[in-house]
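Step one of this worksheet: look at the structure below.
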Amino acid sequence: MIVMKFGGSSVESRVALERVTEIVRKYESRRPIVVVSAMGKTTNKLLAAANEAVAGRREQALTLVDELRAYHLTHGLPVAGAAAAELDRYVRTHFEWLDELVVGLSVVGELSGRSTDAIASVGERLSSLILTFALQAAGIRAQHADSRRFIITDDRFTHAQPCWDETYSALDGELRRMAESAVVVMGGFIGSTKDGQTTTLGRGGSDYSAAIVGAGVGAGEIQIWTDVDGMLTADPRIIPGGHRVKSISFAEAAEMAYFGAKVLHPATVVPAVEKNIPVLILNSRRPEVEGTRITSEPVACHNPVKSISCKRGVTVLNIRSTRMLMAHGFLRRIFEIFDRYKTSVDMVSTSEVSVSLTIEDREQLDHICRELKEFAEISSEDEQAIVCLVGENIRHTPGIAGRAFEVIRQTNIRMISQGASLLNLGFVVAEKDLRDVVAVLHREFFVDLDPAVFD
Ligand code: ADP
Ligand code: ASP
Ligand code: MG
């Protein structure tokens, strides 16, 4: 049994759905469970509609829903005959329900996490039905499974976590049985609380769903089908021309994902590592490319750095103790505040009297700063970016930091951190310098590539 996850761009149009159908057909004998994202940018648009509605802009919200309806009815009905009528009915019913929800929200004027998830989940509920019908129309024995019956989560709406015992038992029992006789298709990203409230696992969470399902059914492989040839040596939206990395470790992949490589959701590797299931990143537009293989024991590599990850839109906070020396308990007090406001800290570095750290989510920043000011002086800088060199060999190779800082010596570096795992070297630069910094680092570290690992 294998899990095949298709991201939004892999199912964004009728043509894309046809490509997916042929890919699934190729793997049919390996008894795939297909996990699918919402079509194209549907989730963004659903959330935009919800936000318009609560802001009292009812007509704008309904227009967005209309656009999504038209998009799904145009691209999402790749079947004919009686099946088409049935699918058409499903799609229209979902949109009628959305119309009502959006009108309701515009009256209430308040958007809870629970309503957000009810709306955001529609994308995957529809795409999974649509793909099931598309596979059936192509003669593949396919069956739809409602993810909300299998991925049981806590009630942290918009970023729910699985309740592992319940989830694994549902996956290992009923879902496994279903997958023995048909290609099962289910929506990624969504789940449900024990009492049946729809939840989501956080943006980009379909990768995580795929890994949870893979671990739950004991899959032999988890395939993540997307729009790039695999994990690349640099984010293609920052600099083009990166090389495909053929083989990396779970630890390297986790580090890349955590520091911004959107190609994989950071939580994905956790269930895969736990059950030691290889994860493959593959391109649904070029299925012949062998992609990236992520395992516990990757191929040995001569090059110290495997990839450069980066994260934009970062804020650096400098927190300076108002006492002369770092008082006992200073760090604990700082992190308690971040914890209370549920704000994750990505990178930290400390000196005798100050701590610098980075955050991505600024929503609670004013509250956080108010509390920090009770015992510290604060300054903050936004429009910063984290750049991170990732590779298991960084720890075994002297001089990596020297080489990195030499080539970017003209750039002002705001923070430096070598992760405790020693497989990354990260630093913070102004966002405006990001592209140049990644380009020179890429030129420095990706010459003379080991052909066993890089394409
Ligand atoms: P999907 O919709 O399939 O989940 P995503 O947009 O979430 O796809 O992830 C794929 C994108 O990740 C790529 O199009 C690419 O722009 C981005 N990306 C960022 N860093 C990397 C990297 N190091 N290697 C490959 N892709 C990357
Ligand atoms: N559709 C969801 C999102 O856009 C989940 C995913 O695509 O992974 O965030
Ligand atoms: Mg994604």
Side-chain angles (χ1 to χ4, degrees), residues 4-12 16 19-20 35-48 68 116-117 119-128 147 151 158-160 186-191 199-212 223-246 248 252-268 279-286 289 291-292 294 305-312 385-391 434 438 441-442 446 454-455:
M4 305 176 78
K5 178 258 169 178
F6 294 92
S9 58
S10 298
V11 290
E12 70 187 357
R19 271 197 300 261
V20 167
V35 174
V36 64
S37 289
M39 289 172 66
K41 304 265 180 255
T42 297
T43 313
N44 288 352
K45 222 161 180 173
L46 287 168
L47 292 172
L68 279 175
T116 305
D117 280 353
I119 292 184
S121 68
V122 171
E124 272 72 6
R125 281 154 60 191
L126 287 173
S127 64
S128 54
S147 301
I151 310 291
T158 73
H159 52 278
M186 56 199 290
F189 181 53
I190 60 179
T199 53
T200 68
L201 305 177
R203 294 305 308 271
S206 294
D207 298 340
Y208 191 27
S209 304
I212 297 166
Q223 303 176 345
I224 307 286
W225 291 86
T226 182
D227 61 352
V228 278
D229 282 352
M231 292 191 109
L232 307 175
T233 49
D235 184 338
R237 287 163 309 175
I238 306 288
I239 56 158
H243 309 276
R244 175 168 61 92
V245 188
K246 295 194 242 179
I248 60 170
E252 288 169 323
E255 214 73 41
M256 281 177 68
Y258 182 67
F259 285 109
K262 189 178 169 232
V263 63
L264 198 66
H265 185 282
T268 311
V279 176
L280 267 76
I281 314 286
L282 297 154
N283 190 346
S284 66
R285 286 156 210 261
R286 303 196 331 137
V289 178
T292 297
I294 310 170
V305 179
K306 292 257 182 78
S307 184
I308 305 171
S309 280
C310 41
K311 206 181 227 185
R312 295 161 180 270
I386 295 177
V387 179
C388 199
L389 305 179
V390 178
L434 180 64
V438 175
L441 287 169
H442 199 265
F446 296 103
F454 299 97
D455 195 17

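In listed order, ligands and their atoms are each counted from 1. This is a predicted model, so every value here is computed, not measured.
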### Message
With the threshold set at under 4.0 angstrom, would you say S37 reaches ligand 1 through any of its heavy atoms?
### Response
no
### Message
What I'd like to find out is whether the side chain of R203 reaches to under 4.5 Å of the side chain of L47, using heavy atoms alone.
### Response
yes
### Task
Give the numbers and elements of all ligand 2 atoms closer than 4.0 Å to a heavy atom of E124.
1 (N), 2 (C), 5 (C)
### Message
Quick check: V263 and ligand 1, any N/O pair under 3.5 Å apart?
### Response
yes
### Query
What is the closest protein heavy atom to atom 7 (O) of ligand 1, and at what distance does it sit?
K262 O, 3.5 Å
### Message
One thing to verify: whether K5 and E124 come together as a salt bridge, which I'm taking to mean a side-chain N less than 4.0 angstrom from a carboxylate O.
### Response
no
### Close side-chain approach of V20 and W225, heavy atoms under 4.5 Å
no
### Query
Under 4.0 Å from any heavy atom of R203, which atoms of ligand 2 are there?
3 (C), 4 (O), 9 (O)
### Task
Using distance alone, decide if ligand 2 has a nitrogen or oxygen within less than 3.5 Å of any nitrogen or oxygen in K5.
no
### Task
Over 60° means perpendicular and under 30° means parallel, so classify the ring planes of F446 and H243, tilted if in between.
tilted
## Note on the structure
So the atoms of ligand 1 within less than 4.0 Å of a heavy atom of M256 turn out to be 23 (N)
#### Entry: Any side-chain donor near an acceptor of the partner, D117 and T200, under 3.5 Å
yes
### Query
With side chains defined as the heavy atoms from C-beta onward, is the minimum distance between V228 and P236 less than 4.5 Å?
yes
### R203 to ligand 1, any heavy atom closer than 4.0 Å
no
### Task
With heavy atoms of V228 as the reference, note each atom of ligand 1 found under 4.0 Å away.
13 (C), 14 (O), 25 (C), 26 (N)
### Task
Indicate yes or no: does an N/O atom of D207 lie under 3.5 Å from an N/O atom of ligand 1?
no
### Query
Stepwise, does the side chain to side chain contact (heavy atoms under 4.5 Å, CB included) test hold for T292 with V263?
CA-CA 11 Å; T292 297; V263 63; over 6 Å; no
### Task
If you have a sec, work out which protein heavy atom is nearest atom 6 (C) of ligand 2 and how many Å separate them, to one decimal?
S206 OG, 3.3 Å
#### Entry: Residue, atom name and distance, where the atom is the protein heavy atom closest to atom 4 (O) of ligand 1
K5 NZ, 3.1 Å
### Query
Looking only at N/O atoms, are F189 and ligand 2 under 3.5 Å apart anywhere?
no
### Query
Among all protein non-hydrogen atoms, which one is nearest to atom 13 (C) of ligand 1, and what is the separation to 0.1 Å?
D227 OD1, 3.5 Å
### Query
Where the closest heavy atom to atom 3 (O) of ligand 1 is concerned, which of I281, T43, T226 has it?
T226
### Task
Would you mind reporting whether I238 and R312 have side-chain heavy atoms less than 4.5 Å apart?
yes
### Task
Enumerate the atoms of ligand 1 whose separation from the nearest heavy atom of M231 is less than 4.0 angstrom.
24 (N)
### Task
Check whether any side-chain heavy atom of I308 sits under 4.5 Å from a side-chain heavy atom of I239, and report yes or no.
no
### Task
Do me a favour and list the nearest non-hydrogen protein atom to atom 17 (C) of ligand 1 with residue, atom name and distance?
R237 NH2, 3.8 Å
## Note on the structure
If we number the atoms of ligand 1 from 1 as shown, the ones under 4.0 Å from a heavy atom of P236 are 15 (C), 16 (O), 18 (N), 21 (C), 26 (N), 27 (C)
### Query
Quick one: which of G8, S37, S209, S127 has a heavy atom closest to atom 7 (O) of ligand 2?
S37
## Note on the structure
Short version for H265: what comes under 4.0 Å of ligand 2, heavy atoms counted, is neither
### Enumerated ligand 1 atoms positioned under 4.0 Å from heavy atoms of G8
2 (O)
### Task
Would you check whether H265 reaches within less than 4.0 Å of ligand 1, judged by its heavy atoms?
no
### Query
Can G230 be said to touch ligand 1, with heavy atoms closer than 4.0 Å?
yes
### Query
Out of curiosity, is G204 lining ligand 1, as in a heavy atom under 4.0 Å away?
no
### Query
So, is L232 polar-close to ligand 1, with some N/O to N/O distance under 3.5 Å?
yes
